[in-house]
There are 2 protein chains.
Amino acid sequence: MDTLDTMAETFKLLSDKTRLTILSLLKERELCVCNIVDMLQMSQPSISQHLRKMKAGGLVSESRRGKWTYYALTIDDKPFVNEILSHIPSQSSKIEWLDNQESVCD
Amino acid sequence: MDTLDTMAETFKLLSDKTRLTILSLLKERELCVCNIVDMLQMSQPSISQHLRKMKAGGLVSESRRGKWTYYALTIDDKPFVNEILSHIPSQSSKIEWLDNQESVCD
DNA sequence: CAATTATGTAATTATATGCTTATATAATTG
DNA sequence: CAATTATATAAGCATATAATTACATAATTG
């Protein structure tokens, strides 16, 4: 059980449509920044800033592999956030779209 | 299942500490505005504005009875919000404090 | 019905937020 | 190692948000 302050901060992270979409995408699998940029059709700095905030809030983790930085959910120990994300509409179609794309980032 | 937009809007309502506290208080029982003002030690207009936003977002309902306007949770049909509120730390001690107060509003 | 009590609303202000542009850093590749 | 690719960061701007102050409305009470 978190404090009200901690929970409010988490909700602030969840209250942005872009971040919520990113989280729902990461629910499917880990993704690199350029993947997310492609799928959301938004600028790279904007996506990077959202990812930074979510990392600071403990919702995602990053791991650099070669040129790419991959982000993944880190909510296994957060039952409360897990429960919330289970209610988010699936973005699997966007993931399928990504898989059918010519790789844009490389 | 709501849309991402709807969910983001709900999270925005939940992302303010004052509103989150009010919701957790209303989980205990319905309260009039002056009760909430007393418990949160905040100005009446500020509380009123928060309540208005939550009413617009469908989280609470108001019912005027005499001089007082009572607010109550309206999340029975919102399993998703219900689930979230079940994770909020209890505010029952604040309610007890209220019950032991000389009635401040009247 | 005038005064009081409870609440709502509008205007203002200060701060927070998200996006863009420009630039920096880091790894890769030819 | 120079050029390219992927990502991060900083500065600036426009909008959003929450709180205060002042005022409006509504019901109650003497």
Open item on the list: With heavy-atom distances below 4.5 Å as the criterion, would you say the side chains of Leu31(B) and Ile95(B) are in contact?
Closed with: yes
Open item on the list: If I take atom NZ in residue Lys55(A) and atom P in nucleotide dT7(D), what distance separates them, rounded to the nearest angstrom?
Closed with: 14 Å
- [ ] Grab the CE-P distance between Met42(B) and dA18(D) for me, whole Å please.
- [x] 10 Å
Open item on the list: Using whole Å, what does the distance between atom C1' of nucleotide dT7(C) and atom NZ of Lys53(B) come to?
Closed with: 17 Å
- [ ] Nearest 0.5 Å please: distance from the CZ atom of Arg19(B) over to the NZ atom of Lys17(B).
- [x] 14.0 Å
Open item on the list: For Asn35(A) and Arg19(B), find the nucleotide of DNA chain D closest to each by heavy atoms; which residue's nucleotide sits nearer the 5' end?
Closed with: Asn35(A)
Open item on the list: Parallel, tilted or perpendicular, judged at 30° and 60°: which one describes the rings of Phe80(A) and Phe11(A)?
Closed with: perpendicular
TODO: Rounded to the nearest angstrom, tell me the gap between atom CG in Leu51(A) and atom P in dC19(C).
DONE: 12 Å
- [ ] For Thr69(A), report the nucleic acid contact type (base, sugar-phosphate, nothing); a contact means any heavy atom under 4.0 Å.
- [x] sugar-phosphate
TODO: Check whether any side-chain N or O of Ser46(A) sits under 4.0 Å from OP1 or OP2 of dG18(C), and answer yes or no.
DONE: no
Open item on the list: Taking 4.0 Å as the cut-off, does a side-chain nitrogen or oxygen of Lys12(A) come that near to OP1 or OP2 on dA16(C)?
Closed with: no
- [ ] Please state how far atom CD1 in Ile47(B) lies from atom C1' in dG8(C), giving the value in whole angstrom units.
- [x] 14 Å
Task: Short side-chain N/O contact to dA19(D) OP1/OP2 from Thr18(B), under 4.0 Å - done: yes
Task: Nearest-neighbour nucleotide for the Lys67(B) side chain, dT28(D), dT9(C), dT7(C) considered - done: dT28(D)
Open item on the list: Could you tell me the Watson-Crick or G-U partner of dG30(C), where both distances fall under 3.5 Å? Say none if there is no partner.
Closed with: dC1(D)
Task: Under 4.0 angstrom between Ser48(B) side-chain N/O and dT7(C) OP1 or OP2 - done: no
Open item on the list: So Arg52(B) and Lys55(B), do their side chains get closer than 4.5 Å, heavy atoms only?
Closed with: no
TODO: Can you measure from CD1 (Ile75(A)) to CG (Leu85(A)) and round to the nearest 0.5 angstrom?
DONE: 4.5 Å
- [ ] Check whether any side-chain N or O of His50(B) sits under 4.0 Å from OP1 or OP2 of dA19(D), and answer yes or no.
- [x] yes
TODO: In whole angstrom, give the distance that lies between atom OH of Tyr70(A) and atom C1' of dA8(D).
DONE: 17 Å
TODO: Examine the base of dT20(C) for any acceptor or donor lying under 3.5 Å from a partner atom in the side chain of Gln49(A), and report the outcome as yes or no.
DONE: yes
- [ ] Take the protein atom CZ of Arg65(B) and the nucleotide atom P of dT7(C), then report the distance between them rounded to whole Å.
- [x] 12 Å
- [ ] In whole angstrom, give the distance that lies between atom CZ of Arg64(A) and atom P of dT28(C).
- [x] 8 Å
